Enquirer: 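Sharing a structure, written as structure tokens. Questions coming.
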2 protein chains.
Amino acid sequence: MTTQPLVLPPQATQVGLAVDVVAFAMDAGKLQVLLVKRGELPHARVWAMPGGFVQPGEELHEAALRELRTETSVHLEPRHLEQFYTFGQVGRDPRGRIVSVAHLAVLPHGAARVVPGGHTLGAEWHSAHQPPPLAFDHQQILNRALGRLQVRLEYANLALEFLPDSFTLPELQVVYEAIQNRKLDKRNFRKRLLSQGVLTPCGERRIGVGRPAQLYRRAKNARVAAL
Amino acid sequence: MTTQPLVLPPQATQVGLAVDVVAFAMDAGKLQVLLVKRGELPHARVWAMPGGFVQPGEELHEAALRELRTETSVHLEPRHLEQFYTFGQVGRDPRGRIVSVAHLAVLPHGAARVVPGGHTLGAEWHSAHQPPPLAFDHQQILNRALGRLQVRLEYANLALEFLPDSFTLPELQVVYEAIQNRKLDKRNFRKRLLSQGVLTPCGERRIGVGRPAQLYRRAKNARVAAL
DNA sequence: TCAAAAGTGTTAGCATTACACCCATGC
DNA sequence: GCATGGGTGTAATGCTAACACTTTTGA
């Protein structure tokens with residue numbers, strides 16, 4: 001398809017098109033969200049999701065990846081990236097009409113080291129359930145991202161994306177518990193997960209005290225999220 | 001919040017912001033989608049979802065309602081309207097970078113009479129599962145809308161929105177069957193719906209031949225879709 | 001031998017599915 | 001009385017939730 005010059009009807013509104021990325025990871029058994037401290041007005045020195053304007057010719061998901069990389073120097077690829085809602089309320093940004101396509105990202109374990117980049121003053125992981133005060137409508141964005149993450153957890157096997165290639169069942173259970181924000185029964189959890197047949201055993205892990213744990217990785221027939 | 005003049009960073013992309021509306025209704029036991037025949041290039045004389053550009057200062061859902069009204073003269077209020085995905089792929093519209101926030105609407109029974117408006121050559125209901133060829137990426141948009149509708153059906157009681165205030169259980173079952181595109185067992189369906197306790201009996205309907213049917217309406221404690 | 005973490009089965013309740021006949025009405 | 005559409009019950013199965021003790025290791 002050849003792209004012709006932009007000739008829009010007169011009533012077409014010109015808006016700023018942005019993406020924001022709600023990036024989750026697990027650390028110390030807690031669900032964490034990646035925030036940057038803004039270096040510019042508006043909301044300078046306030047925490048916000050990494051995000052920014054889409055560049056000409058850039059796909060939405062590419063823009064999301066770029067913002068994640070340049071604002072936070074997360075060098076690991078997200079294991080999951082999906083658009084989940086578009087925030088376009090008039091007045092959500094004092095600079096004018098800015099519409100933000102919000103994305104949900106899952107980063108694997110080991111992504112916990114991040115450094116700030118771009119115009120930000122810092123990039124840090126924070127508790128996803130009790131974040132600091134957030135700029136713009138980013139608390140709303142976070143809430144909706146959490147809801148979507150919880151749905152995806154049941155629906156696809158999104159929990160696996162938080163962990164390294166091989167992991168133990170107790171580790172996986174911690175991911176479920178952190179996202180659902182409740183305790184699960186160990187026996188029922190194991191039964192359910194193992195009966196799905198998506199986990200293959202692969203050796204043992206013996207670290208620290210206590211009985212060594214069976215290691216698993218995802219089976220070949222890994223099904224990923226639909227919709 | 002005071003809105004200042006638009007001062008965007010230089011890298012901000014100016015894009016056309018549009019909404020499209022996938023409006024569903026039931027007719028003759030079939031799930032129908034509302035299409036308009038485009039009167040202008042590109043894709044003149046091709047069927048498409050009603051939609052168009054968002055106006056300055058206009059909220060996204062307001063724009064969706066306006067397009068629905070002006071392009072199709074549907075005067076009934078949609079019973080349900082939600083944003084479900086944003087389509088922004090480069091090249092999806094030959095006129096330039098146009099991002100469309102797609103909305104899902106449910107129109108009640110009786111909305112079947114529509115007349116074209118705006119710049120369109122026609123507005124008609126078509127089979128949602130076998131539509132005619134569609135303009136732009138509108139087949140993709142329709143597919144995703146159908147997926148979302150199916151999820152909402154189980155999740156909320158969205159089926160009620162397709163029907164008039166009072167309805168019979170066989171009528172309700174037809175809605176479920178049309179959306180899920182499969183047959184359901186009458187007895188199991190009744191058991192499930194009635195046990196939810198969201199339906200209140202209200203009189204009988206005696207039309208045509210056959211035994212009169214019990215009429216129901218939604219109970220006071222009507223819960224609506226979340227997320 | 002103790003602390004720490006991993007692992008293991010059974011039962012009861014509930015929801016889902018499959019399945020076939022009688023009832024009320026208009027013509 | 002028959003065609004049309006509305007209404008009803010039960011049994012089997014599978015899933016979910018609740019519940020406590022044993023095993024393996026390092027210190």
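Quick note on labels: first sequence line is chain A, next is B, and so on, each numbered from 1. All figures in this text were calculated on a predicted structure; none of them were measured in a lab.
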Enquirer: Nearest whole angstrom, please: distance from the P of C/dC27 to the CD1 of B/I207.
Expert: 12 Å

Enquirer: Quiz question: going by heavy-atom distance under 3.5 Å, is there a donor-acceptor pair between the base of C/dT8 and the side chain of A/K191?
Expert: no

Enquirer: For B/P212 and for A/P212, find the nucleotide of DNA chain C with the closest heavy atom, then tell me which residue's nucleotide is more 5'.
Expert: A/P212

Enquirer: Run the salt-bridge test on B/R148 and B/E82 with the 4.0 Å N-O cut-off and return the result as yes or no.
Expert: yes

Enquirer: Quickly work out the A/Q214 CD to C/dA5 C1' distance and round it to whole Å.
Expert: 15 Å

Enquirer: From CZ of A/R190 over to P of C/dG7, roughly how many Å is that when rounded to an integer?
Expert: 4 Å

Enquirer: Find the distance A/K186:NZ to D/dA18:P and express it as a whole number of Å.
Expert: 17 Å

Enquirer: Are the charged groups of B/E161 and B/R218 less than 4.0 angstrom apart, N to O?
Expert: yes

Enquirer: B/R192 side chain: which of D/dG7, C/dT16, D/dT16 is closest?
Expert: C/dT16

Enquirer: For a side chain to side chain donor-acceptor pair (under 3.5 Å) with B/S100, tell me which candidate from B/D137, B/D20, B/D93, B/T86 qualifies.
Expert: B/D20

Enquirer: Give a yes or no on whether a salt bridge exists between A/R205 and A/E171, defined as a side-chain N under 4.0 angstrom from a carboxylate O.
Expert: yes

Enquirer: Return the value, rounded to whole Å, for the distance between atom CD of B/Q173 and atom C1' of D/dG5.
Expert: 12 Å

Enquirer: B/F189 CZ to D/dG7 C1': how many Å, rounded?
Expert: 14 Å

Enquirer: Tell me: CD of B/Q196 to C1' of C/dT16, nearest whole Å?
Expert: 14 Å

Enquirer: Less than 4.0 Å between a side-chain N and a carboxylate O, is that true for A/R217 and A/D165?
Expert: no

Enquirer: Name the residue closer to the 5' end of DNA chain D, choosing between A/G208 and A/D185 according to the nucleotide with the nearest heavy atom.
Expert: A/D185

Enquirer: Over how many whole Å does the gap from A/Y176 atom OH to D/dA17 atom P extend?
Expert: 14 Å

Enquirer: OP1 or OP2 of D/dC19 less than 4.0 angstrom from a side-chain nitrogen or oxygen of A/R187, does that happen here?
Expert: no

Enquirer: Need to verify one output field. Residue with the more 5' nearest nucleotide on DNA chain D, A/R182 or A/R211?
Expert: A/R182

